[in-house]
Amino acid sequence: MLDLNLIRRQPDLVKEGLRKRGEDPALVDQVLELDAQRRALLKQVEAMRAERNRVSKEIPRMTDPDARAAKIAAMRTLGDELKALEQRLRAVEDRLHEQLAWMPNLPADDVPLGADEHDNVVVRTVGEKPTFDFTPQPHWDLGPALGILDFDRGVKLSGSRFYVLRGAGARLQRALIQWMLDLHIRQGYVEQYPPFMVRERVVFASGQLPKFRDNLYHDAEEDFWWVPTAEVPLTGLHMDEILAEEDLPLYYTAYTPCFRREKMSAGKDVRGIKRGHQFDKVEMYKFVHPDTSDRELEAMLADAEETLRLLGLTYRVVQLCTGDLGFAARKTYDLEVWAPGSGEWLEVSSVSNVGDFQARRANIRYRPKAGGRPRFVHTLNGSGLGLPRTLIAILETYQQADGSVVIPEVLRPYMGGMEVLRPA
RNA sequence: GGAGAGGUGCCGGAGUGGACGAACGGGGCGGUCUCGAAAACCGCUGUGGGCCUUGCGCCCACCGUGGGUUCGAAUCCCACCCUCUCCGCCA
């Protein structure tokens, strides 16, 4: 949520931000119009309430019954008028909040301009694309051949875009989760195990609602929403809290499954485990002092990169341009890992500085040590990493001519010492 | 799912229609005392919004949430949510 005061005071700045994203700047004028209406009505409503409060205090002290009855009658009339006016005010406020809720965050100043993902900037590439003296296979061939990936039975159970990990495949994913969490803990993050279903309010707070309703699963009868990312419950963790300044920064990490409706055109990304309705992810999250969020972003990026480096995977850092930024983000780096069998860069992580956008929606503040009003914290989130795509990169990178796959060294302790996945 | 109890400020806890934004206690902050500290005593201590004569101002709202009754609601009524206790069911 953007600051209404900012929109009021610097509408041109906000319009410029929306324009950079490819959004309609006219939204700003709509908001300003509603805000003006709201304040005009509010002024009237508050004057009437003040009048009613004042007279109501006089009434019990009035001794003349006629004068008293007259005042009560007058206040009854005032009350009816007030109620009607309050309804109009409410309607305007609802529309104003609705408009604000649909407005994305503004890009940071140093985000490259661009229309869509083609204008993203590759910041650096780390590692060399591996070479093979045989034709590397895609994971959708490797996995089933190794007996660790079962697409047919996944489909039988749940339909397209579902699969079953089997044997060492399931164990490898579990090893990755365990290893990543341990790594993030060493990096200073506190592990959290949140609910995988949360209330609508929490989904709103993180910015997935109202805009991405179509991408979310929820219970038809109760207020339960399946988390599309751990970012959602982690944002909600400190909802409606006022933190002490000395408590900041807070670093959290969590493993959760993620549930997403993927209403994509049939045929895109359907092969393999790249995109499913359910996938696992280990997430990093920070609540920080506003002055520090820029450097906290770089630090989080470094933490995410370390996972790929330690796994020995080839990756590149991509900075998203203004047109490709997510709804809540003001600056984002994506990490893309090279998958030699599929022959493409896979987005395995997205690390974002959200500024106070989520904090405002979730009402998360801190009390300045120096005194004064509570201020909104800044929040950051980053995947560290998405599991299926990491698995893809491992299988495809470490495959050998005979179809076996070497397990990265850091994972072996989590695999009971196993060094190689071999075809059954 | 059934029965009961309850949701008040940073915390505990009063308050059942009119000066209650909220007693009292604790905590925190400031001060007095002290070589210093403790104790004691005194004072201060919510959030959001609106207005302009930007005053250390005025006004409005907030006692789980949303409605209702009333001139007036923390207090009465209705619905919902949450917490706790007991019973049932259950990994």
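Labels below follow one simple rule: chain letters A, B, ... track the order of the sequence lines, proteins then strands, and each chain is numbered from 1. Keep in mind that what you see is a predicted model, and the values were worked out from it rather than measured.
A/Lys281 and A/Thr229 form a side-chain donor-acceptor contact under 3.5 Å, judged by distance and modelled atom types alone.
Checking B/C60, B/G72, B/G48 against every side-chain atom of A/Ala50, the shortest atom distance belongs to B/C60.
The main-chain N or O of A/Tyr252 is never found under 3.5 Å from a side-chain atom of A/Gln192 such that the two would form a donor-acceptor pair. Here the side chain of A/Glu396 pairs a donor or acceptor atom with the backbone of A/Gly341 at under 3.5 angstrom. Using a distance-only test at 3.5 Å, with no hydrogens or angles considered, a donor-acceptor pair links the side chain of A/Asn105 to the main chain of A/Ala328. Side-chain N or O atoms of A/Asn215 include none that pairs as donor or acceptor with a backbone N or O of A/Arg260 at under 3.5 Å.
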Can you give me the N/O atom pairs linking the protein to nucleotides 64-68 of chain B at distances under 3.5 Å, or say none if there are none?
{"unit_1": "B/G67", "atom_1": "OP1", "unit_2": "A/Arg90", "atom_2": "NH1", "d": "2.3"}
{"unit_1": "B/G67", "atom_1": "OP1", "unit_2": "A/Arg90", "atom_2": "NH2", "d": "2.6"}

Polar pairs (N or O, both sides) under 3.5 Å between protein and nucleotides 61-63 of chain B?
{"unit_1": "B/A61", "atom_1": "OP2", "unit_2": "A/Asn53", "atom_2": "ND2", "d": "3.4"}

Short heteroatom pairs, N/O only, protein and nucleotides 76-78 of chain B, under 3.5 Å:
none

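As rounded to whole Å, 12 Å separates atom C1' of B/G28 from atom CD of A/Glu246. Look at CZ on A/Arg54: it is 17 Å from P on B/C58, rounded to the nearest Å. Protein atom CD of A/Glu93 is 17 Å distant from nucleotide atom P of B/G48, rounded to whole Å. The distance from atom OH of A/Tyr366 to atom C1' of B/G46 is 19 Å, rounded to the nearest whole Å. Nucleotide B/A19 holds its P atom 14 Å from the CD atom of A/Glu58, rounded to whole Å.
Geometrically, A/Lys211 does not engage A/Phe327 in a cation-pi contact, judged by NZ or CZ lying under 6.0 Å from the ring centre and within 45° of the ring axis. Under a cutoff of 6.0 Å and an axis angle of 45°, A/Arg330 and A/Phe357 do not form a cation-pi pair.
For residues 62-78 of chain A, proximity to RNA chain B is found at A/Ile72, A/Met75, A/Arg76, defined as any non-hydrogen atom under 4.0 angstrom from a strand atom. Annotation: proximity of residues 29-43 of chain A to RNA chain B (heavy atom, distance under 4.0 Å) is found for A/Arg38, A/Arg39, A/Leu42, numbered in ascending order.
OP1 or OP2 of B/G46 has not a single side-chain nitrogen or oxygen of A/Arg367 nearer than 4.0 Å.
Qualifying side-chain hydrogen bond (donor to acceptor under 3.5 Å, both in side chains) partners for A/Gln30, counting only residues two or more places apart in sequence or in other chains: A/Gln99. In this view, A/Arg153 and A/Asp150 satisfy the side-chain hydrogen bond (donor to acceptor under 3.5 Å, both in side chains) rule, not counting sequence neighbours. With sequence neighbours excluded, no residue forms a salt bridge (charged side-chain N to carboxylate O under 4.0 Å, His left out) with A/Asp223. Every residue was checked against the side-chain hydrogen bond (donor to acceptor under 3.5 Å, both in side chains) condition with A/Gln178, not counting sequence neighbours, and none meets it. For A/Arg373, the salt bridge (charged side-chain N to carboxylate O under 4.0 Å, His left out) test picks out no residue, with sequence neighbours left out.
Using a cut-off of 4.0 Å between Lys/Arg side-chain N and Asp/Glu carboxylate O, A/Arg19 and A/Glu16 are scored as salt-bridged.
Using a 4.5 Å cut-off on side-chain heavy atoms (C-beta onward), A/Gln319 and A/Lys331 make contact. Taking the side chain as every heavy atom from C-beta outward, A/Thr253 and A/Val190 never approach each other to under 4.5 Å.
Pairs passing the side chain to side chain donor-acceptor pair (under 3.5 Å) check and including a residue from residues 346-359 of chain A, sequence neighbours excluded, read A/Glu231-A/Gln358, A/Tyr285-A/Gln358, A/Ser293-A/Asn353, A/Thr332-A/Ser352, A/Asp334-A/Ser350, A/Asp356-A/Arg360, A/Gln358-A/Thr379.
Base pairing in RNA chain B yields stems of at least 3 consecutive Watson-Crick or G-U pairs, both distances under 3.5 Å, namely B:1-7 with B:81-87, B:10-12 with B:24-26, B:27-32 with B:40-45, B:46-51 with B:57-62, B:64-68 with B:76-80.
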Could you go through A/Arg161 and A/Arg275, starting from their C-alpha distance and side-chain angles, then the distance that decides it, and tell me whether this counts as side chain to side chain contact (heavy atoms under 4.5 Å, CB included)?
CA-CA 7 Å; A/Arg161 297 189 188 282; A/Arg275 188 183 296 276; 4.1 Å; yes
Between A/Arg54 and A/Glu51, is the salt bridge (charged side-chain N to carboxylate O under 4.0 Å, His left out) condition met? List the steps.
CA-CA 5 Å; A/Arg54 194 175 56 73; A/Glu51 166 78 359; 2.9 Å; yes
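Map A/Pro374 and A/Pro60 each onto its nearest nucleotide of RNA chain B; the residue landing nearer the 5' end is A/Pro60.
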